[in-house]
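In what follows, residues are counted from 1 in the order of the sequence shown.
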Amino acid sequence: MNLPSYFERLIRKYPQVSMEEWQLLDQLATVRYIRKGEQFLRVGKIARYGAFVLSGQFKYSFAAEDGSEKIMNFGFMDDFLTNCVSYVNNKPSYLEITALEDAVILRFHIKKLQPLYDLHSSIFHVNMQLYQDIMEQQAEHQYILSLKSPLERYRFLLRHRPAIIQKISLTNIARYLYTSREALSRARVMVAGKFGGRNSFGSSL
């Protein structure tokens, strides 16, 4: 049985999974189309699903006490979307996962995947890698927030997460860095000035 073409990138990314195992996963998966602004996971709902991003971009966000939006992470093509804490603890999510543009996802009911872990160690290891990646991204975000100024935080993204600078709007980057759009704009101007205006990582507004 031939797999749909959208599996090609995932097969390259996770070569330890056999074609037969991908076929098993395909039987459990559903392709979903999500419009810009639509939520993959809502605040107050328990995370029951995970999904690979086939196209589009997502944000993990929550509302601060003052009502402002804070962004914890972004999801790009081939990333895995879920809220590990909500699923593992069977508790309502305090954050939401929202599409930043029209997107296509490959969605799995996480509970239906669990019987495969004992039978297919490669699928289990990919699952562990996905959760580890999410935890590492959260730890990295905490480190970014520990940096003292918007300039230092912006420079960190330039060095280590250029995809965020390239693909995400300045407003949403500011929400991710927990700073104002104005302060971030000044930091971007300072960085561009240092490199003689040759900064190639411009963001859309």
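In this structure, Y14 and F52 have tilted ring planes: the angle between them lies in the 30° to 60° band. Between F76 and F74, the two ring planes are parallel [angle under 30°; tilted spans 30° to 60°].
For the pair I11 and L3, the minimum side-chain heavy-atom distance is below 4.5 Å.
Side-chain contact of E21 with S18: a donor-acceptor pair under 3.5 Å is present, judged by distance alone. Side-chain polar atoms of E69 and S61 form a donor-acceptor pair below 3.5 angstrom. Donor-acceptor pairing under 3.5 Å is lacking for the side chains of Q23 and Q27.
Proximity of a side-chain donor or acceptor of K59 to a complementary backbone N or O of N73 within less than 3.5 Å is not detected. Checking side-chain atoms of S185 against main-chain N and O of E182 turns up no donor-acceptor pair under 3.5 Å. Remark: the backbone N or O of L95 is paired with a side-chain donor or acceptor of S93 at under 3.5 angstrom. Side-chain atoms of E152 come within 3.5 Å of backbone N or O of S149 as a donor-acceptor pair. Looking only at distances, no side-chain donor or acceptor of R186 sits under 3.5 Å from a matching main-chain atom of P150. Of the possible donor and acceptor atoms, none in the side chain of D26 sits under 3.5 Å from a partner among the backbone N and O of W22.
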Q. Hey, mind stepping through E140 and R161 against side chain to side chain contact (heavy atoms under 4.5 Å, CB included) and telling me if it holds?
A. CA-CA 10 Å; E140 179 186 73; R161 298 292 298 276; 2.7 Å; yes
(Q) Could you go through L177 and L157, starting from their C-alpha distance and side-chain angles, then the distance that decides it, and tell me whether this counts as side chain to side chain contact (heavy atoms under 4.5 Å, CB included)? (A) CA-CA 10 Å; L177 298 181; L157 292 187; 3.8 Å; yes
Q.
Run the side chain to side chain contact (heavy atoms under 4.5 Å, CB included) test on R159 and R155 for me, step by step, so that the C-alpha distance in whole Å, both residues' side-chain angles and the decisive distance to 0.1 Å come before the verdict.
A. CA-CA 6 Å; R159 290 192 297 267; R155 283 175 172 165; 3.7 Å; yes
Q | Test log, rule side chain to side chain contact (heavy atoms under 4.5 Å, CB included), inputs D78 and V53 | A | CA-CA 5 Å; D78 298 340; V53 181; over 6 Å; no
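Listed here is the closest heavy atom pair of D79 and K13: OD1-NZ, 4.3 Å. Closest of all the heavy-atom pairs between A47 and Y87 is O-CD1, 3.1 Å.
For the atom pair CD1 (I123) and CG (L116), the distance works out to 5.0 Å, reported to the nearest 0.5 Å. A distance of 9.5 Å separates OG1 in T98 from CD1 in I34, rounded to the nearest 0.5 Å. Between Q57 atom CD and K167 atom NZ the span is 6.5 Å, to the nearest 0.5 Å.
The side chain to side chain contact (heavy atoms under 4.5 Å, CB included) test with I71 is passed by exactly one of I173, N172, L100: N172.
Scored by the ring-ring contact (aromatic ring centres under 6.0 Å, His included) test, Y49 finds H109 as partners (sequence neighbours excluded). Evaluation of the side chain to side chain contact (heavy atoms under 4.5 Å, CB included) rule for Y178 yields F62, K70, M72, H141, L145, R153 as partners, not counting sequence neighbours.
The salt bridge (Lys or Arg N to Asp or Glu O under 4.0 Å) contacts involving residues 86-109 comprise nothing, where partners must be two or more places apart or lie in separate chains.
Hydrophobic clustering, with ILVMFWY side chains joined whenever heavy atoms are under 4.5 angstrom apart, groups L25 together with M128. In the hydrophobic cluster analysis, where Ile, Leu, Val, Met, Phe, Trp and Tyr join through side-chain heavy atoms closer than 4.5 angstrom, I164 is grouped together with F156. In the hydrophobic cluster analysis, where Ile, Leu, Val, Met, Phe, Trp and Tyr join through side-chain heavy atoms closer than 4.5 angstrom, V104 is grouped together with F80. Note on Y60: it does not cluster hydrophobically with Y176, by side-chain heavy-atom contacts below 4.5 Å among ILVMFWY residues. Transitive grouping of hydrophobic side chains (ILVMFWY, heavy atoms separated by less than 4.5 Å) keeps I46 and V85 in distinct clusters.
Other residues, nucleotides and ligands contribute more than 12 heavy atoms inside 6.0 Å of the OH atom of Y117. For R9, the CZ atom counts as densely surrounded, since its 6.0 Å shell holds more than 12 non-hydrogen atoms of other residues, nucleotides or ligands.
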